[in-house]
2 protein chains.
Amino acid sequence: MTLTTTSTAPIGVFDSGIGGLTVVAALRRALPGERILYVGDTARVPYGGKSAETVTRYAHEISDLLLGDGASMIVVACNTASALAVPELAQSCPVPMIGVLEPGAAAAVKATRSGRIGVIGTRATIGSDAYGKAIRRLAPDLQVIAESCPLLVPLIEEGLLEDPVTDAVLHRYLDPMLREGVDTLVLGCTHYPLLKPAIQRICGEGVTLVDSAENCALTVAAMRHGTESAVPSAGPDIMLTDPSEGFLREAARQLGIPIGSVTLRRIGS
Amino acid sequence: MTLTTTSTAPIGVFDSGIGGLTVVAALRRALPGERILYVGDTARVPYGGKSAETVTRYAHEISDLLLGDGASMIVVACNTASALAVPELAQSCPVPMIGVLEPGAAAAVKATRSGRIGVIGTRATIGSDAYGKAIRRLAPDLQVIAESCPLLVPLIEEGLLEDPVTDAVLHRYLDPMLREGVDTLVLGCTHYPLLKPAIQRICGEGVTLVDSAENCALTVAAMRHGTESAVPSAGPDIMLTDPSEGFLREAARQLGIPIGSVTLRRIGS
């Protein structure tokens, strides 16, 4: 007997750049049969220092592109866009739209024992206080200590994952919140899971790291359960807005993701 | 007797972001009477890791905007755009278009005694070898040692101008070329003059720093001589593509530039 399956419509995933592949890797572990379309907005990366207005416009354009390509769900694999754009965009999106923020906030609330949660992210994510608001909606008494870490994305994109310079920068960002007794740290940027070993080493084993990519994938899996193909899917099809593939190949290798097609798609002008 | 003057059409200046204000500061010293229109493409900053195709498209859009606002000359105050886009754009531009690259290369050729010139810049600028080509066109026997320094712009934008982390990163980039005997170093990114004291300290007084912003301004001054108003101009009028003014105010303060109007201009989509 041959097992025949009908492939369902793909899950659309997007990020400002390549960092969202950490979400793709988690989705592939949770839902190995799903087909994934990924957009990395490499022509306009990064989003982390830009305004809500601009980030919302970019997220809107990319969602339209993914819907045009048949996406049956949109996963916003970018904390900045999740914080600034998802609340507005999800209301008008004709398919379910999931950001990385709410699942990460829920996991942090579940993990903390001291009641003190640290959050690190881009300047835009931290400035929006979106994690703080999401955590306090679930548990108003918890204390959230947030710190924007604008140097981490450039260090990660340079591949300095185990490096004295990165350690010095991490100490500067993390030591104050460790002194305040956080026992849970939300990695509020999809690049950061690539730094997990260094962050865990600096925080010590007593601090639980909450990987927003991982928790987002589990939420998506709960929503999609039973709809995916029984056949493991090929690698994600990747669309970039600028043909800069260097970090793509390196990140995919580190995350163990096979790459399907890679195409250039112009968005905006 | 009253001195009456007619204000000439403004000089248009643009950069991917705010770094090009170093060129504006130099232009104001060289040509105090000129009116300056500045565009910072903060919605798409940085350009330094992006492709020639994308950077050329962005430069084209911004040039059109400046021409529409009456610019009588366009100064590309961005090394990446100067390296990747100016050779093509200058051919079709109806007014003179000057990049920062050729003036910097000429100054370096003039400064070196050892015949070994170091060049630092973004990944895109260094990858294009535009400085190497410009220097060898002037003096084929000179040796050019180039190094891309992608972490410097983020460090500068964080304000870490005198900081042990920045020093560690600078040593990593500069020590190999210092060991090769460079006696002249081209600061091939308009952000870098803000790091001049730290770079000079690490290189030692024996190395001449070539500030491409300064040399570009002198070239423009030679072309504009006699056309400017006798009345010192007000601060530049600034257009940003994303309303993120934090680094703008800080950079303007450090450079001693008064700011005229600041407006948001959407480009592209």
Side-chain angles (χ1 to χ4, degrees), chain A residues 16-18 41-58 60-62 64-65 84 122-124 127 148-160 163-173 240-248 264-269, chain B residues 16-18 41-58 60-62 64-65 84 122-124 127 148-160 163-173 240-248 264-269:
Chain A
S16 59
I18 303 301
D41 193 7
T42 46
R44 304 186 290 199
V45 71
Y47 288 178
K50 290 162 191 166
S51 68
E53 179 194 333
T54 296
V55 171
T56 302
R57 176 161 58 95
Y58 291 171
H60 207 300
E61 291 168 358
I62 296 169
D64 284 350
L65 185 155
L84 303 184
T122 64
R123 198 179 291 290
S148 66
C149 304
L151 291 171
L152 296 186
V153 168
L155 289 165
I156 292 166
E157 296 203 341
E158 286 312 297
L160 303 182
D163 192 281
V165 167
T166 304
D167 279 6
V169 170
L170 281 173
H171 273 292
R172 202 171 292 185
Y173 291 140
L240 301 177
T241 56
D242 180 79
S244 40
E245 292 189 28
F247 183 55
L248 169 65
L264 178 65
R265 289 285 282 265
R266 187 177 285 189
I267 299 184
S269 61
Chain B
S16 59
I18 303 301
D41 193 6
T42 45
R44 304 186 291 199
V45 71
Y47 289 177
K50 290 162 191 168
S51 68
E53 181 194 330
T54 296
V55 171
T56 302
R57 176 161 58 95
Y58 291 171
H60 207 299
E61 292 168 356
I62 296 170
D64 284 350
L65 185 154
L84 303 184
T122 64
R123 199 179 290 290
S148 65
C149 304
L151 291 172
L152 295 188
V153 168
L155 288 165
I156 293 166
E157 296 203 341
E158 287 313 296
L160 303 182
D163 192 281
V165 167
T166 304
D167 278 7
V169 169
L170 282 172
H171 273 293
R172 202 171 291 186
Y173 290 140
L240 301 177
T241 57
D242 181 78
S244 40
E245 292 189 27
F247 183 55
L248 168 66
L264 178 66
R265 289 284 282 262
R266 188 177 285 191
I267 299 184
S269 59

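Within every chain, numbering begins at 1; the chains are lettered A, B, ... in the order of the sequence lines, protein sequences first and strands thereafter. Computed from heavy atoms alone, side chains included, the values below leave out hydrogens, waters and symmetry copies. Since the structure is predicted, the reported quantities are computational estimates derived from the model, not experimental observations.
Taking the side chain as every heavy atom from C-beta outward, B/R266 and B/T241 never approach each other to under 4.5 Å.
The two residues B/A43 and A/T54 come nearest to each other via the heavy atoms CB-CG2, 4.0 Å.
With sequence neighbours excluded, the residues that form a side-chain contact (heavy atoms from CB on, under 4.5 Å) with B/T166 are B/L155, B/L160, B/D163, B/L170, B/L195. Judged as a side-chain hydrogen bond (donor to acceptor under 3.5 Å, both in side chains), and not counting sequence neighbours, the contacts of A/T122 are A/T80, A/T125.
Heavy atoms of A/V45 lying under 4.5 Å from chain B belong to its backbone as well as its side chain. Looking at B/E53, only its side chain comes within 4.5 Å of chain A, counting heavy atoms on both sides. The part of A/L264 that comes within reach of chain B is its side chain, from C-beta onward, which places non-hydrogen atoms under 4.5 angstrom from that chain.
Your options are A/V169, A/D41, A/L151, and the one with the most heavy-atom pairs under 4.5 Å with chain B is A/L151.
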